[in-house]
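Worksheet: one structure, shown below.
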Amino acid sequence: MKDKSVFVTVGTTEFDQLIKSVTSADVCKVLCELGYTKVLLQTGRGQFQPQSAQLSHDSPAVQSYTFKDSIADDIAAADLVICHAGAGSVLETLTAGKATLVVINDELMDNHQEELAKQLQQLHHLFYCTCSTLQQTLKQADFTTLQRYTPGDPAFLTRHLQSLLRTPAAVSQTRTFVCHLCWIAMIAAVYVWTPAGALLLLSLILCFGVFVFFGNIASCSKE
(Lines give C-alpha, C1' and ligand atoms only; values in the text may rest on other atoms or scores of the structure.)
Protein backbone atom coordinates (compact mmCIF):
# COMPACT_ATOMS: atom_id res chain seq x y z
CA MET A 1 0.00 0.00 0.00
CA LYS A 2 1.27 3.47 -0.93
CA ASP A 3 2.33 5.62 1.99
CA LYS A 4 -0.09 8.51 2.39
CA SER A 5 0.93 11.91 3.72
CA VAL A 6 -0.77 14.92 5.27
CA PHE A 7 0.38 18.51 4.85
CA VAL A 8 -0.78 21.01 7.46
CA THR A 9 -0.39 24.74 6.82
CA VAL A 10 -1.28 27.87 8.76
CA GLY A 11 0.14 30.28 6.18
CA THR A 12 1.73 33.40 7.65
CA THR A 13 -0.55 33.40 10.69
CA GLU A 14 -0.25 32.06 14.22
CA PHE A 15 -2.55 29.10 14.81
CA ASP A 16 -0.91 27.02 17.53
CA GLN A 17 -4.19 25.35 18.44
CA LEU A 18 -4.36 23.71 15.01
CA ILE A 19 -0.79 22.40 15.27
CA LYS A 20 -1.46 21.07 18.77
CA SER A 21 -4.69 19.43 17.64
CA VAL A 22 -3.15 17.71 14.62
CA THR A 23 -0.27 16.33 16.72
CA SER A 24 -2.49 15.22 19.60
CA ALA A 25 -2.55 11.51 20.35
CA ASP A 26 -6.23 11.13 19.41
CA VAL A 27 -5.93 12.83 16.01
CA CYS A 28 -2.65 11.06 15.19
CA LYS A 29 -4.31 7.74 15.96
CA VAL A 30 -7.15 8.53 13.55
CA LEU A 31 -4.70 9.58 10.83
CA CYS A 32 -2.80 6.33 11.33
CA GLU A 33 -6.03 4.33 11.07
CA LEU A 34 -6.80 6.13 7.80
CA GLY A 35 -3.45 5.03 6.39
CA TYR A 36 -1.47 8.26 6.71
CA THR A 37 2.15 7.57 7.62
CA LYS A 38 3.65 11.08 7.39
CA VAL A 39 2.58 14.51 8.58
CA LEU A 40 4.38 17.67 7.47
CA LEU A 41 3.56 20.83 9.42
CA GLN A 42 4.06 24.44 8.35
CA THR A 43 3.74 26.29 11.65
CA GLY A 44 4.04 29.94 10.61
CA ARG A 45 4.47 32.49 13.39
CA GLY A 46 3.27 30.13 16.11
CA GLN A 47 5.18 29.54 19.32
CA PHE A 48 4.41 25.82 19.54
CA GLN A 49 6.96 23.74 17.63
CA PRO A 50 6.32 19.97 17.74
CA GLN A 51 9.26 17.60 17.71
CA SER A 52 10.17 16.14 14.33
CA ALA A 53 9.78 12.47 15.11
CA GLN A 54 7.30 9.66 15.33
CA LEU A 55 5.24 10.57 18.36
CA SER A 56 4.25 6.99 19.15
CA HIS A 57 3.99 3.56 17.55
CA ASP A 58 0.43 4.31 16.35
CA SER A 59 1.26 7.78 15.05
CA PRO A 60 2.47 9.05 11.66
CA ALA A 61 6.02 10.42 11.42
CA VAL A 62 5.92 14.18 12.05
CA GLN A 63 8.14 16.87 10.56
CA SER A 64 7.75 20.64 10.72
CA TYR A 65 9.10 23.97 9.53
CA THR A 66 8.07 27.60 9.96
CA PHE A 67 8.22 29.22 6.51
CA LYS A 68 9.25 28.57 2.91
CA ASP A 69 9.24 30.79 -0.15
CA SER A 70 6.60 28.47 -1.61
CA ILE A 71 4.54 25.61 -0.21
CA ALA A 72 3.37 24.49 -3.66
CA ASP A 73 5.63 21.41 -3.67
CA ASP A 74 4.42 20.34 -0.23
CA ILE A 75 0.80 20.70 -1.32
CA ALA A 76 1.49 18.74 -4.49
CA ALA A 77 3.16 15.90 -2.57
CA ALA A 78 0.35 15.53 -0.01
CA ASP A 79 -2.65 13.24 -0.21
CA LEU A 80 -4.58 15.41 2.25
CA VAL A 81 -4.10 19.08 3.08
CA ILE A 82 -5.33 20.44 6.40
CA CYS A 83 -5.17 24.22 6.40
CA HIS A 84 -6.37 27.31 8.18
CA ALA A 85 -9.23 29.22 6.60
CA GLY A 86 -7.19 31.95 4.94
CA ALA A 87 -8.46 32.49 1.40
CA GLY A 88 -4.97 32.28 -0.12
CA SER A 89 -4.14 28.91 1.44
CA VAL A 90 -7.59 27.47 0.71
CA LEU A 91 -7.67 28.47 -2.96
CA GLU A 92 -4.05 27.40 -3.57
CA THR A 93 -4.85 23.95 -2.16
CA LEU A 94 -8.11 23.59 -4.09
CA THR A 95 -6.47 24.73 -7.33
CA ALA A 96 -3.90 21.96 -6.85
CA GLY A 97 -6.77 19.48 -6.80
CA LYS A 98 -6.06 18.17 -3.30
CA ALA A 99 -8.44 16.72 -0.74
CA THR A 100 -8.87 19.64 1.63
CA LEU A 101 -9.94 20.00 5.24
CA VAL A 102 -10.19 23.61 6.42
CA VAL A 103 -9.97 24.27 10.15
CA ILE A 104 -11.66 27.45 11.36
CA ASN A 105 -10.02 29.47 14.11
CA ASP A 106 -13.14 30.11 16.21
CA GLU A 107 -11.18 32.25 18.67
CA LEU A 108 -11.00 35.14 16.20
CA MET A 109 -13.48 38.00 16.63
CA ASP A 110 -15.60 38.99 13.60
CA ASN A 111 -14.40 35.83 11.88
CA HIS A 112 -15.54 35.85 8.24
CA GLN A 113 -13.41 32.82 7.40
CA GLU A 114 -16.30 30.48 8.17
CA GLU A 115 -18.41 32.10 5.42
CA LEU A 116 -15.85 31.12 2.76
CA ALA A 117 -15.34 27.61 4.14
CA LYS A 118 -19.07 26.99 4.54
CA GLN A 119 -19.81 28.11 0.98
CA LEU A 120 -17.05 25.90 -0.45
CA GLN A 121 -18.27 22.93 1.57
CA GLN A 122 -21.81 23.45 0.25
CA LEU A 123 -20.31 23.29 -3.23
CA HIS A 124 -18.59 20.00 -2.27
CA HIS A 125 -15.06 21.35 -2.78
CA LEU A 126 -13.86 20.71 0.78
CA PHE A 127 -14.80 19.86 4.36
CA TYR A 128 -14.39 22.25 7.26
CA CYS A 129 -14.36 21.99 11.04
CA THR A 130 -12.88 23.55 14.18
CA CYS A 131 -10.00 22.29 16.29
CA SER A 132 -12.46 20.73 18.72
CA THR A 133 -14.22 18.78 15.96
CA LEU A 134 -11.11 17.87 13.92
CA GLN A 135 -10.89 14.28 15.16
CA GLN A 136 -14.57 13.52 14.51
CA THR A 137 -14.52 15.20 11.09
CA LEU A 138 -11.51 13.12 10.00
CA LYS A 139 -13.39 9.98 11.00
CA GLN A 140 -16.57 10.92 9.14
CA ALA A 141 -15.41 12.86 6.07
CA ASP A 142 -15.38 11.02 2.76
CA PHE A 143 -12.86 12.97 0.70
CA THR A 144 -13.60 10.86 -2.39
CA THR A 145 -16.94 12.66 -2.71
CA LEU A 146 -15.36 16.10 -3.16
CA GLN A 147 -15.64 17.84 -6.52
CA ARG A 148 -12.65 19.53 -8.14
CA TYR A 149 -12.58 23.30 -7.78
CA THR A 150 -12.37 25.31 -11.01
CA PRO A 151 -10.27 28.50 -10.56
CA GLY A 152 -12.04 31.69 -11.50
CA ASP A 153 -15.50 30.19 -11.21
CA PRO A 154 -17.78 33.27 -11.53
CA ALA A 155 -20.77 31.36 -10.19
CA PHE A 156 -18.96 30.71 -6.91
CA LEU A 157 -18.01 34.38 -6.57
CA THR A 158 -21.61 35.43 -7.15
CA ARG A 159 -22.97 32.98 -4.59
CA HIS A 160 -20.34 33.96 -2.05
CA LEU A 161 -21.12 37.67 -2.44
CA GLN A 162 -24.82 36.94 -2.10
CA SER A 163 -24.20 35.04 1.12
CA LEU A 164 -22.16 37.95 2.50
CA LEU A 165 -24.91 40.42 1.62
CA ARG A 166 -27.32 38.37 3.71
CA THR A 167 -25.15 38.55 6.84
CA PRO A 168 -26.25 40.75 9.79
CA ALA A 169 -23.07 42.84 9.42
CA ALA A 170 -23.89 43.68 5.80
CA VAL A 171 -27.50 44.49 6.68
CA SER A 172 -26.29 46.72 9.51
CA GLN A 173 -23.90 48.55 7.17
CA THR A 174 -26.69 49.12 4.65
CA ARG A 175 -28.98 50.53 7.33
CA THR A 176 -26.16 52.78 8.57
CA PHE A 177 -25.61 54.12 5.05
CA VAL A 178 -29.32 54.87 4.62
CA CYS A 179 -29.41 56.60 8.00
CA HIS A 180 -26.46 58.79 6.99
CA LEU A 181 -28.27 59.81 3.83
CA CYS A 182 -31.34 60.72 5.87
CA TRP A 183 -29.26 62.85 8.25
CA ILE A 184 -27.61 64.65 5.34
CA ALA A 185 -31.00 65.36 3.78
CA MET A 186 -32.32 66.66 7.11
CA ILE A 187 -29.34 68.97 7.62
CA ALA A 188 -29.71 70.31 4.08
CA ALA A 189 -33.40 71.00 4.65
CA VAL A 190 -32.74 72.82 7.95
CA TYR A 191 -29.93 74.82 6.33
CA VAL A 192 -32.33 76.07 3.67
CA TRP A 193 -34.65 77.15 6.45
CA THR A 194 -31.97 78.63 8.76
CA PRO A 195 -28.15 78.23 8.69
CA ALA A 196 -27.95 78.63 12.47
CA GLY A 197 -30.39 75.78 13.00
CA ALA A 198 -28.37 73.56 10.69
CA LEU A 199 -25.21 74.31 12.67
CA LEU A 200 -26.96 73.44 15.94
CA LEU A 201 -28.33 70.18 14.50
CA LEU A 202 -24.91 69.21 13.11
CA SER A 203 -23.31 69.84 16.52
CA LEU A 204 -25.86 67.60 18.24
CA ILE A 205 -25.24 64.83 15.69
CA LEU A 206 -21.47 65.04 16.19
CA CYS A 207 -21.85 64.88 19.98
CA PHE A 208 -24.12 61.86 19.66
CA GLY A 209 -21.65 60.19 17.28
CA VAL A 210 -18.76 60.70 19.71
CA PHE A 211 -20.86 59.28 22.54
CA VAL A 212 -21.74 56.14 20.52
CA PHE A 213 -18.13 55.71 19.34
CA PHE A 214 -16.66 55.70 22.85
CA GLY A 215 -19.53 53.56 24.06
CA ASN A 216 -18.65 50.91 21.45
CA ILE A 217 -14.99 51.02 22.47
CA ALA A 218 -15.91 50.49 26.11
CA SER A 219 -18.19 47.62 25.16
CA CYS A 220 -15.48 45.90 23.07
CA SER A 221 -12.92 46.25 25.87
CA LYS A 222 -15.20 44.30 28.20
CA GLU A 223 -15.49 41.34 25.80
Side-chain angles (χ1 to χ4, degrees), residues 1-11 13-44 46-68 71-86 88-108 111 113-114 116-149:
M1 181 183 294
K2 174 184 176 291
D3 289 343
K4 296 199 299 182
S5 64
V6 180
F7 177 54
V8 183
T9 175
V10 302
T13 64
E14 178 181 342
F15 197 178
D16 281 346
Q17 191 57 45
L18 172 56
I19 303 301
K20 291 178 181 178
S21 297
V22 171
T23 55
S24 68
D26 290 338
V27 171
C28 281
K29 184 177 180 181
V30 172
L31 290 174
C32 196
E33 291 172 350
L34 294 173
Y36 296 102
T37 58
K38 294 183 292 185
V39 175
L40 178 60
L41 307 162
Q42 184 266 315
T43 59
Q47 301 300 312
F48 178 73
Q49 298 296 331
Q51 295 181 349
S52 297
Q54 185 145 357
L55 302 181
S56 67
H57 70 279
D58 58 352
S59 166
V62 176
Q63 293 183 320
S64 67
Y65 64 88
T66 54
F67 293 104
K68 281 184 181 179
I71 61 173
D73 289 342
D74 294 326
I75 292 175
D79 297 283
L80 170 65
V81 177
I82 300 175
C83 68
H84 74 126
S89 296
V90 172
L91 295 179
E92 182 176 5
T93 302
L94 291 179
T95 301
K98 294 297 177 177
T100 306
L101 176 57
V102 170
V103 181
I104 304 295
N105 187 350
D106 53 5
E107 295 181 356
L108 296 178
N111 189 2
Q113 294 181 344
E114 186 173 358
L116 175 64
K118 183 177 181 179
Q119 183 71 17
L120 287 167
Q121 178 170 281
Q122 289 175 349
L123 295 171
H124 307 291
H125 293 314
L126 54 75
F127 291 101
Y128 82 95
C129 63
T130 63
C131 290
S132 60
T133 60
L134 175 59
Q135 178 187 358
Q136 192 63 28
T137 302
L138 283 169
K139 287 182 177 180
Q140 297 177 344
D142 183 359
F143 293 99
T144 64
T145 64
L146 295 178
Q147 300 177 11
R148 188 177 180 91
Y149 170 76

**Steps toward side-chain contact (heavy atoms from CB on, under 4.5 Å) verdict (V39, V22)** = CA-CA 9 Å; V39 175; V22 171; 4.2 Å; yes

**Asked** Below 4.5 Å, heavy atoms only, C-beta onward: do T43 and Y65 meet side chain to side chain?
**Response** no

**Asked** T144 and D142: side-chain donor and acceptor closer than 3.5 Å?
**Response** yes

**Request:** Give a yes or no on whether the backbone of G11 and the side-chain of Q42 come within a donor-acceptor separation of less than 3.5 Å.
**Result:** yes

**Message:** Does L116 form a side-chain contact (heavy atoms from CB on, under 4.5 Å) with V102? I'd like the steps, not just the answer.
**Reply:** CA-CA 10 Å; L116 175 64; V102 170; over 6 Å; no

**Request:** Identify the two heavy atoms, one from L146 and one from T100, that lie closest to each other, and give their separation to 0.1 Å.
**Result:** CD1-N, 4.1 Å

**Asked** How long is the span from the CD atom in Q49 to the OG1 atom in T23, to the nearest 0.5 Å?
**Response** 10.5 Å

**Asked** Would a 4.5 Å heavy-atom cut-off, applied to side chains only, mark V6 and L31 as touching?
**Response** yes

**Closest non-hydrogen atom pair, Q121 against Y128** = OE1-N, 2.9 Å

**Request:** Check the angle between the aromatic planes of Y149 and H125 and answer parallel, tilted or perpendicular using the 30° and 60° thresholds.
**Result:** perpendicular

**Message:** I'd like to know whether V90 forms a side-chain contact (heavy atoms from CB on, under 4.5 Å) with L126, so could you lay out the CA-CA distance, the side-chain angles of the two residues, the decisive distance to 0.1 Å, and finally the verdict.
**Reply:** CA-CA 9 Å; V90 172; L126 54 75; 3.8 Å; yes

**Request:** Kindly compute the distance separating CZ (F15) from SG (C131), expressed to the nearest 0.5 Å.
**Result:** 4.0 Å

**Message:** Can you confirm whether D3 sits close enough to Y36 that some side-chain heavy atom of one is under 4.5 Å from a side-chain heavy atom of the other?
**Reply:** no

**Request:** Go through the steps for F127 and T145 under the test side-chain contact (heavy atoms from CB on, under 4.5 Å), then give the verdict.
**Result:** CA-CA 10 Å; F127 291 101; T145 64; 3.9 Å; yes

**Complete:** Here the gap from S89 atom OG to I82 atom CD1, rounded to the nearest 0.5 Å, amounts to 13.5 Å

**Asked** Is L101 close to L134 at the side-chain level, that is, under 4.5 Å between some pair of heavy atoms?
**Response** yes

**Asked** Rounded to the nearest 0.5 Å, what separation is found between the SG atom of C129 and the CG atom of D106?
**Response** 10.0 Å

**Fill in**
The reported gap from OG in S5 to CG in D79 (rounded to nearest 0.5 angstrom) is 4.5 Å

**Nearest heavy atoms of I104 and A85, plus distance in Å** = CD1-CB, 3.6 Å

**Between CG on residue L123 and NZ on residue K118, distance to nearest 0.5 Å** = 12.5 Å

**Asked** Given side chains that start at C-beta, do those of N105 and L18 come closer than 4.5 Å, heavy atoms only?
**Response** no

**Fill in**
V10 and G44 have their tightest heavy-atom pair at CG2-N, 3.7 Å

**Asked** Would S24 and S21 count as a side chain to side chain donor-acceptor pair (under 3.5 Å) if you check the C-alpha gap in whole Å, the side-chain angles of each, and the deciding distance to 0.1 Å?
**Response** CA-CA 5 Å; S24 68; S21 297; over 6 Å; no

**Item:** Check: L34 main-chain N/O paired with K4 side-chain donor or acceptor under 3.5 Å
**Value:** yes

**Request:** Determine, for K68 against D74, whether the closest basic-nitrogen to carboxylate-oxygen distance falls under 4.0 angstrom.
**Result:** yes

**Request:** For the pair K98 (side chain) and A76 (backbone), establish whether a donor and an acceptor sit closer than 3.5 Å, ignoring hydrogens and angles.
**Result:** yes

